[in-house]
Amino acid sequence: MARIEWYADFVNTSYRPNKNDLVALFYFEPAKGVSSKEAAGRIASESSTGTWTTLHKLPPRMKDLMATAYEIKGNYVKIAYPLDLWEAGNAPQLLSGIAGNIFGMKALKNLRLMDVVLPPSYLKNFKGPRHGIHGLRRLMKVKRRPMLGAVPKPKVGFSASEHAQVGFETWLGGFDLVKDDENLTSQKFNRFSERVRLMTKLRDKAERETGERKDALINITGETREMIKRAKVLHEHGWRYAMLDVVVCGTSAVQTMREVLGDYGIAIHAHRAMHASFDRNLKHGITMQFLAKLMRLIGVDEIHGGTAVGKLVGGKHEVNSIANVLREKKTRAEAGTLLAQNWGSIKPAFPVSSGGLHPGLVPEVMRILGKECVILVSGGIHGHPKGTRAGAIAARQAVEASMHGIALEEYAKKHEELAQALKKWGRLKPK
Ligand code: CAP
Ligand code: MG
């Protein structure tokens with residue numbers, strides 16, 4: 001009888017990837033009755049040239065585009081993809097292959113894309129961050145400490161003027177950045193253009209009064225042509241950053257905005273809202289590490305990566321591992337999670353630590369992430385017993401104490417804002 005399936009043709013354990021292959025690491029669980037080898041072959045097949053059955057006609061050159069599952073170890077498989085499968089500089093197309101149909105295959109109970117090694121020949125068609133860590137430090141004149149920012153809280157509901165006023169208090173307390181929340185764009189109670197106008201006035205005032213650089217992560221998320229208009233407004237008002245909800249916008253829009261904002265010299269702050277819908281289940285979906293990698297590749301300057309100690313999921317290992325992906329020139333391999341990646345000339349990006357932080361948690365965040373990060377303390381400054389400005393002062397004191405290796409309680413003896421924050425929250429880890 002003629003062969004119906006050809007999945008085995010996509011498995012070759014003696015294959016060794018060449019320097020132009022793109023190599024993906026998957027965690028997989030075959031469905032009942034499916035062998036590991038067959039499941040691995042199906043993943044390689046559906047993510048490259050295959051279909052469910054043998055074909056009547058197959059041009060010989062097709063062989064050169066087939067992916068190869070070449071290493072199967074327990075529930076992990078490595079698959080090598082020839083470079084020519086991928087269009088240069090097209091991030092959505094990459095996802096349609098390695099993160100597309102394969103997640104829905106009946107032959108698999110679970111499938112998780114852990115990481116991908118991008119060869120130099122593939123990397124070279126992407127821009128990476130416009131400024132990166134060093135560029136942002138120069139832009140903001142913040143030399144050594146973590147960058148500090150806060151979102152006015154509640155998340156949405158303030159008028160543009162109330163919002164700008166909270167921002168002003170945040171800046172005057174010593175913070176560098178005032179961030180919009182992910183679901184604030186241009187609602188009728190707080191229009192984008194009005195917010196930008198008022199924030200600009202108060203930013204200039206704050207810069208004059210403090211002698212420090214002050215900026216904001218104003219959310220331009222929307223339909224792509226609208227984002228282009230909003231980017232222009234930010235440019236005309238002299239802003240150095242823009243914020244994008246990168247997952248909901250999609251890689252195509254992020255690539256477009258990297259072009260537009262990059263031409264203006266504006267940095268991208270990436271909020272990752274919706275990431276947990278595909279990275280939270282440890283057996284299925286896509287890791288946050290890979291999302292971070294993809295975003296660094298297509299050009300965000302900083303992206304949320306979790307706190308390990310705050311209100312949202314994501315442990316210490318994951319937070320460190322995301323930082324490894326974002327900050328290193330050569331990302332180190334980590335067993336079962338990360339593959340080694342040489343970033344070539346692509347700049348490093350800041351990991352952003354946010355969600356449920358307050359001054360008492362700052363030392364722990366800095367123990368995990370060090371100084372090369374952005375720390376957002378939002379509820380944890382606006383909830384300070386003396387208000388936003390005192391809250392920001394307290395958080396900055398907590399950063400100073402950590403930079404000097406001084407225990408918070410000790411530092412608080414001479415810094416009353418910090419003492420007040422510690423009295424309210426101590427080392428509380430919010431849920
Ligand atoms: C933080 C935050 C961010 C989260 C997102 C919020 O506020 O603005 O959206 O940090 O999560 O709305 O929760 P708080 P992540 O500081 O008041 O908690 O950074 O993990 O992507
Ligand atoms: Mg938020």
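Atoms within a ligand are numbered from 1 in the order they appear, just like the ligands themselves. Only this structure's heavy atoms are used, side chains among them; waters, hydrogens and symmetry mates stay out.
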**Asked** Which pair of non-hydrogen atoms, one from Gly355 and one from Thr307, has the smallest distance, and what is that distance?
**Response** O-CG2, 3.9 Å

**Message:** I'd like to know whether Glu364 forms a salt bridge (Lys or Arg N to Asp or Glu O under 4.0 Å) with Arg427, so could you lay out the CA-CA distance, the side-chain angles of the two residues, the decisive distance to 0.1 Å, and finally the verdict.
**Reply:** CA-CA 10 Å; Glu364 214 167 323; Arg427 304 293 166 120; over 6 Å; no

**Message:** If you count heavy atoms of other groups shown closer than 6.0 angstrom to NZ of Lys424, is the number above 12?
**Reply:** yes

**Item:** Ring centre gap for His275 and His304 strictly below 6.0 Å
**Value:** no

**Prompt:** Does the side chain of Asp115 pick up a donor-acceptor pair with the side chain of Gln289 at under 3.5 Å?
**Reply:** no

**Item:** Ring-face cation of Arg389 near Trp171 (centre distance under 6.0 Å, axis angle within 45°)
**Value:** no

**Message:** Is the shortest side-chain heavy-atom distance between Leu297 and Leu123 below 4.5 Å?
**Reply:** yes

**Prompt:** Crowded around Arg138 CZ? As in, over 12 foreign heavy atoms under 6.0 Å?
**Reply:** no

**Protein N, O or S atoms lying under 2.8 Å from the Mg ion (ligand 2), listed by chain and number** = Asp181 OD1, Glu182 OE1

**Prompt:** Got more than 12 heavy atoms from elsewhere within 6.0 Å of CZ, Arg280?
**Reply:** no

**Message:** Strictly under 4.0 angstrom, heavy-atom based: which residues surround ligand 1?
**Reply:** Val151, Lys153, Lys155, Asp181, Glu182, His271, Arg272, His304, Lys311, Leu312, Ser354, Gly355, Gly356, Ser378, Gly379

